[in-house]
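Beneath this line is the structure, given in C-alpha cells, with notes to follow.
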Amino acid sequence: MTENAVKKITTHTPEEIERVAEWTKTEDYKEKNFAREALVVNPAHACQPLGAQMVASGFAETLPFVHGSQGCASYFRSTFNRHFREPSAATCDAMTEDGAVFGGQNNLFEGLENAYTLYKPKMMAVYTTCMPEVIGDDLTAFIKNAKAAGHVPEDLPIPYANTPSFNGTHIHGFDSMLKGILEYLTKDRKVEDKCTGKLNLIPGFDGNIGNLREYQRILDLFEIPFVMMPDISEVFDSGCDGNYKLYPGGTPLEEAAESINGKVTMSLQKWTTPHTMRFVKSEYSGVHEVMAMPMGIEKTDALLMKLSELFDKPVPEELKKERARAVDAMTDGHQYIHGKKFAVYGDPDYLLGIVSFLLEMGAHPHHIVCSRSNKKFKKEMEALLETSEYGAGCTVHVNRDLWHLRSLIFTDPVDGIIGDTHGKFVARDTGLPLFRVGFPIIDRINLHRSPVVGYQGVINLMSMICNKFLDIKDETCEDQWFEMMR
Amino acid sequence: MTENAVKKITTHTPEEIERVAEWTKTEDYKEKNFAREALVVNPAHACQPLGAQMVASGFAETLPFVHGSQGCASYFRSTFNRHFREPSAATCDAMTEDGAVFGGQNNLFEGLENAYTLYKPKMMAVYTTCMPEVIGDDLTAFIKNAKAAGHVPEDLPIPYANTPSFNGTHIHGFDSMLKGILEYLTKDRKVEDKCTGKLNLIPGFDGNIGNLREYQRILDLFEIPFVMMPDISEVFDSGCDGNYKLYPGGTPLEEAAESINGKVTMSLQKWTTPHTMRFVKSEYSGVHEVMAMPMGIEKTDALLMKLSELFDKPVPEELKKERARAVDAMTDGHQYIHGKKFAVYGDPDYLLGIVSFLLEMGAHPHHIVCSRSNKKFKKEMEALLETSEYGAGCTVHVNRDLWHLRSLIFTDPVDGIIGDTHGKFVARDTGLPLFRVGFPIIDRINLHRSPVVGYQGVINLMSMICNKFLDIKDETCEDQWFEMMR
Amino acid sequence: MAERKPIEGVTIEKTEKLIEDTLAFMPEKAAKKRRPHVGANEPSASPCAVKSNRKIVPGVMSQRGCAYAGAKGVVWGPIRDMVHVSHGPIGCGVYSWGTRRNLVQGIPGITSFPLDFTSDFQERDIVYGGDIKLEKLLREADELFPLNKGLSVLSECPVGLIGDDINAVTKKMEKELDKLVVPCNCEGFRGVSQSLGHHISNDSIRDFVIGKREFDEEPGPYDIALIGDYNIGGDVWAAKPILEEMGLNVKAIWTGDGEIEKIAATYQVKLNVIHCYRSMNYMCKVMEEKWNIPWIEYNFFGPTKIAESIRAIAERFDDTIKEKGEQVIAKYTPMAEEIIAQYKPRLDGKTAMLFVGGLRPRHTVGAYEDLGIQVTGTGYEFAHQDDYDRTAPEMAKGTIIYDDVSEFELERYVETMKPDLVGSGIKEKYVFQKAGIPFRQMHSWDYSGPYHGYEGFKIFARDIDMAINSPTWKLVKSPF
Amino acid sequence: MAERKPIEGVTIEKTEKLIEDTLAFMPEKAAKKRRPHVGANEPSASPCAVKSNRKIVPGVMSQRGCAYAGAKGVVWGPIRDMVHVSHGPIGCGVYSWGTRRNLVQGIPGITSFPLDFTSDFQERDIVYGGDIKLEKLLREADELFPLNKGLSVLSECPVGLIGDDINAVTKKMEKELDKLVVPCNCEGFRGVSQSLGHHISNDSIRDFVIGKREFDEEPGPYDIALIGDYNIGGDVWAAKPILEEMGLNVKAIWTGDGEIEKIAATYQVKLNVIHCYRSMNYMCKVMEEKWNIPWIEYNFFGPTKIAESIRAIAERFDDTIKEKGEQVIAKYTPMAEEIIAQYKPRLDGKTAMLFVGGLRPRHTVGAYEDLGIQVTGTGYEFAHQDDYDRTAPEMAKGTIIYDDVSEFELERYVETMKPDLVGSGIKEKYVFQKAGIPFRQMHSWDYSGPYHGYEGFKIFARDIDMAINSPTWKLVKSPF
C-alpha cells in the first residue's frame with residue numbers, strides 16, 4: 001500500500017466493538033493500562049495558575065491578574081464560574097507571539113495600567129501561565145519597572161507568583177500565590193512583642209464554601225478572633241440582590257498584613273501549603289501549626305482540641321453537643337455504609353479526610369487515586385490506612401488517573417466512588433454512584449454550600465452516601481423487596 | 001353452588017393480571033376510585049394521640065402518658081423511634097376489657113403512681129385513645145381523684161387532653177394537648193402589666209428538627225428572647241455520648257407557665273393550632289399572631305418582617321445575606337425545576353409552605369392532596385394558587401388518600417412527588433422520584449435534620465429536588481446525552 | 001441436649017441480687033407484680049419459674065402491643081393476596097402499614113396488598129355504628145382490587161365497644177362477593193398482649209377459613225405446611241428452599257408471603273412444621289385434632305439448629321427424605337463453616353442480651369453460640385409458660401430471664417451485665433445506643449435479613465459483627 | 001430582506017453617547033484601542049464600521065479564549081472517533097474536557113472519545129522536549145483505544161516555544177499506526193482569539209485529512225456535507241433530519257458528532273452547507289477551489305430563518321428537492337406556529353442583548369424576533385469583518401454592536417439599554433444575574449438544547465420564556 005493511497009472509510013463490526021468494550025474491563029487491559037508511561041487519560045488535577053487565581057480571588061478588593069496567554073485566564077474563570085455558579089473576576093495581559101519573542105513586559109505594563117484604571121483594585125495579584133515561564137520573564141523586574149514607569153502607583157501591592165503549569169498542580173499554584181501575597185503584605189510589618197491575638201487560618205484549596213463557613217462558625221463559637229487567608233467564602237457565594245459587586249469579600253489586606261504578628265498560624269491542608277508554611281515558620285510570630293482537614297470525628301476532635309489548647313479556651317458546649325449528635329447519626333446509620341467499598345480520588349488533603357471518615361464508618365477506601373502527588377503522600381496515606389482494620393486491603397495509587405481507576409474498578413469492584421465531577425464517566429461505565437466531593441462540581445447545584453468538614457460535615461457525608469445507597473435499593477429492587485422502612 | 005362447598009384454589013392468568021394492572025391506570029378506574037365513600041386506602045394522616053404525644057414529649061421532664069390501650073402507646077412510640085431514630089419515652093395505663101366495663105380510673109391511679117415513682121417526671125401529660133373516649137371516662141375527675149387519693153403529689157402538673165382517634169388527625173391532637181398543657185401551666189399565672197418580653201413560639205406539628213433549630217437560630221440572630229412550645233429539638237435529636245437521658249430537653253415548665261405574660265405569642269401552623277390560639281387569644285397578654293410556616297422566600301420574608309415589627313428590631317444583616325444567597329441559588333438553579341409538575345400531599349400547613357415554594361420556583365403543584373382537612377383549607381390553598389400563573393391548572397383534593405393520588409398521577413402525570421415516606425408506593429408505581437418532606441420519614445437518614453424552612457430551607461429543598469432530577473437525567477439518558485456539565 | 005456451659009461471672013446469686021436491686025426502685029405493689037416475671041435461670045428446672053402472660057403493670061413502660069397488633073401485624077398482614085381492612089379509626093392501620101417487614105410477592109395493589117385499607121372511623125361511625133359502612137367498604141375494596149382472594153376485617157377498639165356485629169357483615173359479604181371474607185374481633189383492649197390477637201386470629205382461621213378450599217393437585221406423601229414463619233426480611237424465602245431441597249412439598253405458608261386459599265386447604269398436608277410456636281401452636285393442635293395432622297417444632301437459626309431441625313423433620317418421613325436431609329446438611333455445612341471462620345474470631349467471647357417476641361428469645365440463642373457469643377439474658381414480650389419452659393434449657397445457669405420487661409428494668413439489667421450487644425425492639429434500640437451499647441433490632445432484623453436458613457445465617461453473622469465491631473462505638477466517648 | 005423596524009427608544013445618537021460615556025472610564029490609550037470596536041448600527045452601511053479581529057486590550061477583562069480553545073474545543077473536539085491529544089501541560093486539556101457540550105454518539109472510551117488525553121508536561125519535558133514522549137503516547141493511545149479512527153495532536157503553548165516538531169512525529173506515527181494522525185499547531189499564544197485556532201485547524205484538515213479517504217458508496221446528486229455545526233446540546237441531531245427530510249444525503253458533518261474518515265472524504269459531496277461561517281468558511285473555499293464544490297450559508301434558528309434556509313438550499317438542487325423542501329416547511333410550520341402562539345404573548349415587546357461567538361450573534365436574531373423579542377445589541381468574541389458585514393442588516397438602526405466587548409463595557413451597555421434578557425457566556429452569566437437580569441448562557445445553551453431546527457426552536461422558546469419569566473426574579477429585591 002502506498003503511503004498516499006486514498007482509502008475507503010473503515011467500519012467496525014458490532015462484534016469487534018463488543019469485544020473491545022469487554023476487553024477494557026479485563027486484567028489484561030488493566031496491565032496494559034498501568035504500563036502507560038507517556039499518556040495521561042482523564043486526570044483529576046488541574047494546573048498551577050488555577051490555584052493561584054483562587055488565592056488571588058480570596059483577598060479583599062484584589063484583582064487576579066494572569067501574566068501570559070489570554071485563553072488561560074478564560075479557562076480559569078469559567079472553571080470557577082461553573083463550579084460556584086458565581087462570577088469570577090480576573091484579567092490578563094494577553095501575551096501573544098510578539099510576547100514570545102520580546103518577553104511580556106510591555107503586555108504587563110499596559111495590562112496593569114488598564115486594569116488598575118478600570119477595576120480600581122486595592123491589590124493586583126499576578127501569576128503566570130506556561131508561556132512566560134518557558135521564556136523566562138522576570139516578574140520582579142517587570143513589576144518594579146511598571147511602577148517606576150508610572151503605569152501603576154508605587155504603593156499598590158502587586159505580589160506575584162511563578163506558577164508554571166508543567167510542574168505540580170493547582171494546589172501548588174495555590175501555595176505559591178499565597179506565599180507570594182503574604183510575603184508581600186507582611187514585609188516590614190513584624191513588630192517585636194506585638195500580637196494580634198488572632199488565629200491566621202489557612203484553609204487551603206477548597207471549593208466548598210460551606211467548609212469555610214463551618215470553620216468560621218467554629219471559631220466564632222470558640223470566640224477565637226481569626227483571619228482566614230484566603231477567604232473566598234463571600235467572594236464565591238455572594239448574594240443576589242440586584243447589584244453586582246466586583247469585589248464582594250475576601251481577606252482584608254490590612255488583616256493579612258498584620259497576620260505576621262498573629263498568635264497562631266494554622267494550615268488545614270498540609271499538602272497544599274508547604275511553601276507558605278515554610279515561609280510562615282521562618283517569618284511569622286506565634287505558633288505555627290499544620291492540622292489535617294477536619295473530616296470525620298477524630299480529625300475534627302483534633303482540631304478543636306488544638307484550638308482549645310492554643311487559645312486556652314474550652315471546647316464550646318454547642319460543639320460538644322454537635323459532636324454527640326454527629327456520633328449519634330453515625331451509630332444510627334452505620335449499617336448503611338459499614339463494609340461498603342469505595343474508590344476515592346482527588347487532592348491529597350481531601351483524600352486524607354475522606355479516607356479518615358470512611359474508616360470511622362467501617363467502610364473501605366478500597367482504591368485511592370491521586371493523579372499527581374508523591375511517595376511521601378502515599379506513605380502518609382498508607383499509615384492512615386494502617387490505623388484501622390477497615391483499611392486492610394486498600395491501596396493507594398499516586399500519579400494514576402481516572403482511566404487507571406476504571407481498570408481498578410472493573411477488575412476489583414467497589415460500591416461507590418467519591419470525587420469531583422470528572423469521575424462521572426468512570427462511575428457511569430462501572431454502574432456506580434458518584435458521591436460528589438471536591439473540585440470542580442459542575443453538574444449538580446449547591447453541593448459546594450454543604451460542608452464536609454466538622455461534625456456537620458460528617459452528617460452531610462453520611463446523608464449523601466447512605467441515602468443514595470437507599471435510593472438505589474428502592475429503585476432497583478424487585479417488588480417483593482420494596483419496603484416502607486429502610 | 002352450595003354455600004359451604006369446598007372449592008378449588010383459584011388462580012389468575014397473566015393476561016388477567018396485566019389487564020387489571022393496566023385498568024388501574026385508566027380514567028375509568030379513577031372514576032370508580034373517586035366514587036369511594038367508605039373505603040380509605042393509604043391515607044396520609046395519623047390519629048390524634050400521636051400529635052398529643054409529640055407535644056407532651058416537647059416539655060421538659062414531662063412524661064407522656066397514654067390513658068387507654070397499651071398497644072396505642074407502642075404504636076406512637078415506635079412511629080417516633082423510626083422517624084427520628086431516637087428514643088421516645090411514653091407510658092400508659094393499659095386499659096383492658098375490665099376497663100371497658102368499669103372505666104379506666106383504677107388503671108389511671110396505678111399508672112400515674114408507678115410512672116411517677118419510676119420516671120420521676122416534673123409533669124405528666126395525659127391524652128386518650130379511642131377506648132376511654134368511647135366509654136366516656138371523665139379525666140378531670142379521675143386526675144383530681146388520683147391526687148386526692150395520694151397516688152401522685154397534689155402539686156404535680158397533670159394536664160390532659162381528649163384526643164379521640166375517630167375525629168381529626170394527629171395535628172388536632174397536637175392542638176388539644178398543647179392547649180391542655182398551656183391552660184394548666186398558665187392558670188393563675190397572669191400578672192397585670194407584667195411582660196416577659198419574650199416571643200412564645202408555637203412551631204406546630206413538625207418532625208423536622210432542623211426547622212426548629214432554624215427558628216431558634218433566626219431568633220438568636222434577631223436577639224429576640226423566646227420560648228418554643230413545645231420544643232422537641234433536643235428531645236428527638238439528643239447526642240450519643242454514652243449516657244441515655246430520659247428527659248433530654250423540652251420547653252422548661254416555668255417558662256411555659258410564664259408564657260401567659262409574653263410579649264408575643266405566635267403560631268407558625270394555623271391549621272394545627274386553632275384551639276390553642278383561641279385559648280391564647282382569650283387569656284394571654286401581648287400580641288397574638290398566626291403566621292404561615294416560612295417555606296420559600298416570601299413566607300420567610302413575612303415572618304422576619306413581622307418579627308422585626310413586633311420587636312422593633314431590624315432584620316439582622318446575616319439574614320439579609322442569607323436571603324440574598326438563597327435568591328442567588330434560586331436564580332442560578334431555577335432552570336432545573338421551572339415548569340416541572342409535582343404532586344404534593346401532607347398536613348395543611350406544610351402543604352401551604354411547599355406550594356408557596358414551588359410557585360416561587362416556577363414549578364406547578366399540580367395535584368395537592370390532603371387526606372383529612374376541610375373546605376376552608378381547600379379555599380385557602382386555592383387562593384394561594386391564584387396568586388401565581390404557575391398555579392393555574394393545579395387542583396386541591398381534600399379528604400382524598402394516596403390511592404386517589406395514584407389515579408390522579410396515572411391519568412394526569414407529573415414529574416415528581418413531595419411528601420412523607422408513605423408516598424413511596426405511589427412513587428414507585430408511577431416511576432417518579434419521591435422528595436421526602438413531612439412526617440414520618442422512615443426510610444432515609446438525617447432528612448429530619450435538614451431544615452425546609454427559612455432561606456436555608458429554600459436551598460435545601462432546591463438541592464434535594466434539582467439534584468435528584470439531574471441524577472435521573474444522568475442515570476437514564478443514552479450515552480450520547482451523558483454530559484460532564486448539567 | 002447438653003446443659004449450657006456456665007458463663008463467666010454469671011451466677012444465680014448475682015442475678016437474683018440484680019433483680020432485687022432493680023425492683024426496689026418500684027412502688028411496692030408494682031414490684032410485687034413484677035417479681036414473679038424475672039428470675040435467674042435454672043436450666044434443669046421444669047417448668048421455668050418465670051411467670052408470664054399477665055397484664056402489664058400500668059404506668060411502667062412496657063414494650064407490648066395489643067391484640068390488633070398480633071392479629072393485623074403478625075397473622076393476617078403477611079397473607080399477601082387478601083385485602084386486610086383495619087376497621088375503626090385511622091391510627092392503627094397507619095402505624096402498622098409496612099412496619100413489620102412481612103415481605104410479599106406479587107404486584108402491589110394488583111395481586112398483593114401491602115397497603116393500608118381502613119374505614120377511618122369518624123364520630124358519626126361511633127354514634128351510628130360502622131356495620132353499614134363496612135359493608136359498603138368491602139364492596140368498594142373488591143371492586144377496586146378485583147384480584148384479591150379474600151378480605152379480612154380486623155376490628156379496632158371502638159368496634160367492640162359500640163357493639164357492631166362485623167361477623168354478620170362478613171358473612172353476608174362472603175356470599176355476595178363469593179370470596180373468603182373473614183372477621184377477626186381483635187380489638188386492642190382484649191387480652192394482655194399481642195398474644196391474644198394471635199389466638200383470635202387462629203380462631204378466625206379455624207372458623208372461617210380452613211376447610212373451605214382444596215388443592216388442585218392430589219395430596220402427596222411429602223406435603224407439608226410451613227407454620228409460623230412471617231417472612232420478616234424474606235425469612236420464608238431462605239427457609240422454604242431448604243425444606244424443598246429435602247424433598248418436601250411446601251403446600252402452604254402460615255402466613256409469611258402466604259396465600260389465603262392455600263391456608264384454607266392446609267388440612268390436606270401430611271405434616272405441619274412450626275417455627276413460631278407461640279403464635280400458631282393452637283392451629284397445629286386444631287389440625288391435629290380434626291384432621292390428624294402431626295406437627296413438629298423446628299429452628300432454622302444458625303447451622304447447629306438448622307441441622308438438628310432438618311434431621312428431626314426428616315425423621316418424620318422415609319429414607320428418601322432422610323437421605324436428602326443429610327445431603328442438604330452436607331451441602332451447606334462448608335458454607336456455614338466459612339462464615340464461622342470469618343466471623344467467630346471477631347466475636348468469640350462476646351455476650352448478648354435479648355428481649356424480643358415470639359420464638360426468637362430462645363430460637364436465636366444457638367445462632368449466637370455458633371458465632372462464639374453467649375447469651376446472658378433473654379425474655380419475651382408476650383410469651384406463655386410453655387415458651388419459658390422451652391427457653392430454660394437453652395440458657396446457661398444464672399442467666400437472667402425476664403418476661404414483659406420494662407425499659408426501666410432492662411436498662412438496669414444491661415447496665416450491670418454489660419453485654420456486648422443488645423438484641424431487642426425499635427423502642428429500646430436508641431435507648432441503648434445512646435448508652436454506647438451495640439444493638440440490633442431483632443423484631444424486624446433492623447431492616448436487614450433474612451436471618452432464617454443458611455442464607456440467613458450469613459447475613460446474621462455479618463450484621464452481628466457489624467453491630468458489635470462498628471468503629472463508630474469508639475467515637476462515643478468524647479475526648480473533651 | 002427588509003430593514004429591521006426601529007426599536008423604540010433606540011437611536012444612533014443615544015447609542016453613540018452611551019459608548020462615549022463608557023469608554024471615558026478607560027485610560028486614553030485603551031479607549032482609543034476600543035473605540036473602533038463599538039458602534040451604533042447602520043443596517044444599510046456596507047461594510048459594517050465595527051472593527052474586529054484585533055488583539056484584546058491587555059488588562060481589560062475580555063471573554064476571549066485562545067487558538068487552542070478554537071482548535072480543541074471547537075473544531076477537533078467534536079470529532080467523535082478520534083483520540084484528541086492535548087499536548088503540553090495538564091491544564092488546557094482538563095479545562096476543555098466536556099465543557100463545550102459537543103455531544104457525540106458512540107460508546108465513550110470504546111468507539112467515541114470524549115475523554116481528556118494529555119501528555120501532562122512536566123519540567124523535564126520542557127527541558128528535553130516532548131517529541132519522544134509524544135511518539136510513545138500515540139502508541140499507547142492506539143493500543144488502549146484500538147477502535148479510534150485517528151489521533152489529533154493539539155499543541156499547547158510550550159510546545160511551540162521549545163521548538164518541538166510534532167509534525168514529524170505525527171507523520172511517523174501515521175505510517176506506523178496506519179491511521180490518520182493529525183498535527184495541529186494551535187498554541188494558545190498564536191493569534192488574537194479562538195479564531196486563529198479554527199483557521200489552523202482548517203489548515204490541518206486541508207494538509208493532513210481531506211482527500212485521504214473516500215466513501216464506500218458511489219457519490220450521488222444529493223450528497224452534501226453539513227459544515228460548522230458542532231452539535232452543541234444536540235444541534236446536529238435537530239438539524240440533520242431536516243436536510244434529510246428534504247431528500248439530501250448528509251455524508252459528513254464538520255465537526256459535531258463527526259467522523260474523521262467521512263470528513264476526509266468530504267471532497268466527494270455536491271454541496272457544502274455551512275452554519276458557522278466564521279470557523280469553517282476557509283475550508284469551504286478550499287474545497288470550492290480544489291474540488292469545485294459550491295457552498296451556501298444557512299441559518300437554522302427559528303422558523304423564519306429555517307424556512308428561508310430550506311428554500312435557499314433547495315434552490316441549489318432540482319425540483320424534487322425543492323418540493324420536498326416545501327413539504328418540510330409545510331409539515332413543521334404548524335408546530336412552529338403553535339410554539340409561537342404559546343410563547344409570543346409572554347415575550348412580545350421584550351428586548352435582548354447578545355454577546356457570543358461564531359454565528360449566533362446574528363443567526364439567532366430571527367429566532368428572538370419570531371418570539372416577539374427585539375435584539376438591541378449584539379457582538380462577537382472573535383469575529384472578523386465579514387461577520388459584522390453580515391450582522392448589520394440583521395439589526396435595527398441604532399442598536400449597539402460591540403466587538404470583543406469587555407465585561408466592564410458590557411455591564412454599562414446593559415445597565416443603560418435595560419434589556420429583558422442577556423444572552424452571553426458563562427463568565428458573564430452570574431455577573432448579570434446578580435444584577436437581577438435574566439440571562440441565558442448562549443455558547444452552550446445553558447446546559448439545554450438543541451436550539452437548531454424546528455425541534456430546537458421549541459426548546460429555545462421554552463428556555464427564553466423560562467429565563468425571562470421565572471418568578472425568581474421578582475424575589476431579587478428584598479423587602480428589607
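By convention in this document, chain letters (A, B, ...) are assigned in the order of the sequence lines, proteins followed by strands, and residues within each chain are numbered from 1.
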Interface moiety of [X] toward chain B, non-hydrogen atoms closer than 4.5 Å:
X	result
Val476(D)	both
Trp97(D)	both
Lys434(D)	side chain
Tyr430(D)	side chain
Arg462(D)	neither
Asp463(D)	neither
Arg100(D)	backbone

Does any donor atom in the side chain of [X] or [Y] lie under 3.5 Å from an acceptor atom in the other side chain?
X	Y	answer
Asp301(B)	Tyr455(B)	yes
Asp257(D)	Asn231(D)	no
Glu381(D)	Gln194(D)	yes
Ser96(D)	Tyr68(D)	yes

- Heavy-atom pair count under 4.5 Å with chain B, highest-scoring of Gln105(D), Arg101(D), Arg80(D): Arg101(D)
- Message: So which residue, Gly98(D), Pro438(D), Pro471(D), ends up with the most heavy-atom pairs under 4.5 Å with chain B?
- Response: Pro471(D)
Has [X] got a side-chain atom pairing as donor or acceptor with [Y]'s backbone, closer than 3.5 angstrom?
X	Y	value
Asp235(D)	Pro450(D)	no
Ser356(B)	Leu352(B)	no
Asp206(B)	Asn211(B)	no
His334(B)	Ser470(D)	no
His84(D)	Leu154(D)	no

- Tell me the residues of residues 377-392 of chain B whose non-hydrogen atoms fall below 4.5 Å from those of chain D, in number order. Glu389(B), Tyr390(B)
- Parallel, tilted or perpendicular: rings of Phe469(B) and Phe342(B) (30°, 60°): tilted
- Message: Does atom NZ (Lys299(B)) have a neighbourhood of more than 12 heavy atoms from anything else shown, all under 6.0 Å?
- Response: yes
- Going by an N to O cut-off under 4.0 Å, is there a salt bridge joining Lys306(B) and Glu309(B)? yes
Can you tell which part of [X] gets under 4.5 Å to a heavy atom of chain D, answering side chain, backbone, both or neither?
X	result
Arg486(B)	backbone
Glu483(B)	side chain
Leu319(B)	neither

- Report the option among Met305(B), Met330(B), Glu478(B), His338(B) that has the most heavy-atom pairs separated by less than 4.5 Å from atoms of chain D. His338(B)
- Between Gln335(B), Glu298(B), Met361(B), which shows the greatest number of heavy-atom pairs under 4.5 Å with chain D? Gln335(B)
- With ring centroids as reference points, do Tyr215(B) and Phe226(B) lie under 6.0 angstrom apart? no
